[in-house]
Amino acid sequence: MTPSQQSKLFVRFNVEFKSSVDVTLIQSMGSDAMLASAAWVSTSAQQGLRRAVENPDDVRGVINYLIKHRHGTPFEHSAMTFCVKAPIFVWREWHRHRIGFSYNEESARYKQLDPVFYIPARDRPMVKVDGWKPGRPKFLTLDQSMALVTDMEHFGDIAEAAADQKYDEIVSDMKQGYKDEYARYERQLSRQLDPGLARDCLPVGIYSSCWVTCNPRSLMSFLSLRVGSEEATFRSYPLHEIELGALACEEMFKQGWPITHAAFVLNGRVAP
Ligand SMILES: Cc1cc2nc3c(=O)[nH]c(=O)nc-3n(C[C@H](O)[C@H](O)[C@H](O)COP(=O)(O)OP(=O)(O)OC[C@H]3O[C@@H](n4cnc5c(N)ncnc54)[C@H](O)[C@@H]3O)c2cc1C
C-alpha cells in the first residue's frame, strides 16, 4: 500500500475549522440580592434576603461599598456553571485560574477527539507592532499592517488584496498542519494504540470542552486579567482567544448579577 492510500484509509472525518470560543450557561445560582444578604448576615441574618428584595437601592449601595473596599467574601455566595468549547492552547491559560474554579474536561483517553481546530478570524489582530514588547504585546490586523506598507494613493484595494493573500497563506499553513496531524492520530488509533498516547501528536489548536463552575468573586478575578479593557485600573493584555471566552462569560454574569457587574466596572474592574 502506498503512503497516500494508507493516509486516505484512515481519514474518516472531515476536519473542521472554527474561529470561536463557545460558552453556554448550564446553570446559575444566586443573584445580587443573595450577595448583599450575605454581607448583611451580622445585622439581618435570615431576614437579609427579604430586605434585599424589598430594597434594591440598599443592595446597590452595599455592593458598591464592598467592591470599592475590596471586601470579597460575600461575592462567593452565588455560582455559575459554563460549558466552554475552546482550543487546548486556551485551556492551558484558563486552567491557571485555580481559586474558586472547578473544572471537568472531556477525556482524550476514553474517546476520540473531534477533528475541530482553531483558525484565527480574518480581523483578529495578529501582526506584531513595531517595538513589540512581551508583557504588553500589541498586534495589528492584517489590514492595518498592510496599510502601513502600501502606497497611500492606492490604499484600499491593494492593501486589502495583500491582506487577503497573507491571511490565506497563514490559514492554509495551519489547516495543512491540522489535517496531517489528525490523519496521523487516526492512523495510531487504528493500530489499537492507547488513545492517551495516540493523541500526543495533536496540535494545541484542537478544541476540547470543559464544564467550568465559579462564583462571582472568582469570575471577577478571571475577568480582571482576561479582558483587556482600557478602562481597567490595571490594564491587562490577554491572549485574544481567552478574551473571547472571558467576554462571553462576562455577558452572562452581567445578565445574572447586573448590580455587581456594574460596580465591578465602575471600580476599575478590580476584583474584590
Ligand atoms: C496577560 C497574562 C500573561 C501571563 N503570562 C504568563 C506566563 O508567561 N507564564 C505563566 O506561567 N503564567 C502566565 N500568566 C498566568 C498568571 O501567572 C496566573 O497563573 C493566572 O493569571 C491566574 O491568576 P491567579 O493566580 O491570580 O488566579 P487564581 O489561581 O485563581 O488565584 C486567585 C487569587 O488567589 C490568591 N492565590 C492563589 N494562589 C495563591 C497562593 N499559592 N498563594 C497566595 N495567594 C494565592 C491570589 O490573590 C490570586 O490572585 C499570565 C496571565 C496573564 C493574564
Side-chain angles (χ1 to χ4, degrees), residues 19-21 23 25-30 35 38-39 63 65-105 118 120-121 124-141 203-205 208-254 256-257 260-261 263-272:
S19 304
S20 58
V21 169
V23 180
L25 183 66
I26 299 290
Q27 195 172 71
S28 69
M29 182 278 290
L35 304 177
I63 284 180
Y65 176 86
L66 294 168
I67 291 199
K68 187 169 178 190
H69 296 276
R70 302 200 60 224
H71 293 301
T73 49
F75 298 100
E76 296 169 17
H77 292 280
S78 283
M80 55 210 103
T81 298
F82 303 107
C83 178
V84 184
K85 292 188 179 166
I88 284 178
F89 68 85
V90 168
W91 286 119
R92 288 180 59 169
E93 296 197 350
W94 202 314
H95 284 160
R96 298 294 301 277
H97 296 267
R98 301 157 289 176
I99 308 301
F101 274 88
S102 303
Y103 300 96
N104 278 92
E105 183 168 11
Y118 179 79
R124 184 228 197 264
M126 62 179 102
V127 181
K128 283 166 145 186
V129 294
D130 271 353
W132 181 90
K133 287 190 205 131
R136 287 177 169 241
K138 291 186 185 155
F139 303 92
L140 302 175
T141 63
V204 290
S208 179
S209 51
C210 286
W211 272 31
V212 180
T213 298
C214 59
N215 61 59
R217 187 185 194 188
S218 57
L219 187 70
M220 286 187 273
S221 169
F222 174 73
L223 297 177
S224 71
L225 291 167
R226 301 304 183 177
V227 174
S229 168
E230 283 178 12
E231 274 96 61
T233 304
F234 304 103
R235 173 88 158 92
S236 190
Y237 294 84
L239 178 76
H240 175 82
E241 289 72 20
I242 196 167
E243 187 176 40
L244 293 178
L247 287 169
C249 292
E250 180 160 358
E251 194 48 43
M252 293 171 203
F253 173 48
K254 188 178 169 182
W257 291 265
T260 306
H261 178 264
F264 170 61
V265 173
L266 185 72
N267 288 284
R269 303 178 67 88
V270 177

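Counting starts at 1 for both ligands and their atoms, in listed order.
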N/O donor to acceptor pairs below 3.5 angstrom from side-chain atoms of residues 83-97, sequence neighbours left out:
unit_1: Trp91; atom_1: NE1; unit_2: Ala86; atom_2: O; d: 3.2
unit_1: Trp91; atom_1: NE1; unit_2: Ser208; atom_2: O; d: 3.0
unit_1: Glu93; atom_1: OE1; unit_2: Arg226; atom_2: NH1; d: 3.4
unit_1: His97; atom_1: NE2; unit_2: Arg226; atom_2: NE; d: 2.9
unit_1: His97; atom_1: NE2; unit_2: Arg226; atom_2: NH2; d: 3.3

Atoms of ligand 1, numbered as shown, that sit under 4.0 Å from any heavy atom of Leu225: 21 (O), 23 (O), 53 (C)

Thr141 and Pro125, any side-chain heavy atoms less than 4.5 Å apart: yes

If we only count N/O pairs under 3.5 Å, is Arg98 in contact with ligand 1? yes

Out of Phe222, Phe101, Tyr237, Trp94, whose heavy atom is nearest to atom 1 (C) of ligand 1? Tyr237

Nearest to atom 3 (C) of ligand 1, what protein heavy atom do you find, and at what distance? Arg226 NH1, 4.9 Å

Side chain proximity check, Met80 to Phe82, heavy atoms < 4.5 angstrom: yes

Distance to 0.1 Å, residue and atom name: give those for the protein heavy atom nearest to atom 49 (O) of ligand 1. Ser221 OG, 4.9 Å

Output the list of atoms in ligand 1 that are nearer than 4.0 Å to some heavy atom of Ile99, sorted by atom number. 28 (P), 29 (O), 30 (O), 31 (O), 32 (C), 34 (O), 37 (C)

Under the side-chain contact (heavy atoms from CB on, under 4.5 Å) rule, what do Ser221 and Ile99 come out as? Steps first, then yes or no, please. CA-CA 9 Å; Ser221 169; Ile99 308 301; over 6 Å; no

Find out whether Ile67 and Pro272 are in side-chain contact, i.e. whether some heavy atom of one side chain is under 4.5 Å from a heavy atom of the other. yes

Would you indicate whether the side-chain heavy atoms of His240 and Phe139 approach each other to under 4.5 Å? no

When you measure from atom 11 (O) of ligand 1 to the protein, is at least one non-hydrogen atom found at a distance under 4.0 Å? yes

Tell me: protein heavy atom nearest atom 17 (O) of ligand 1, and distance? Arg96 NH2, 4.1 Å

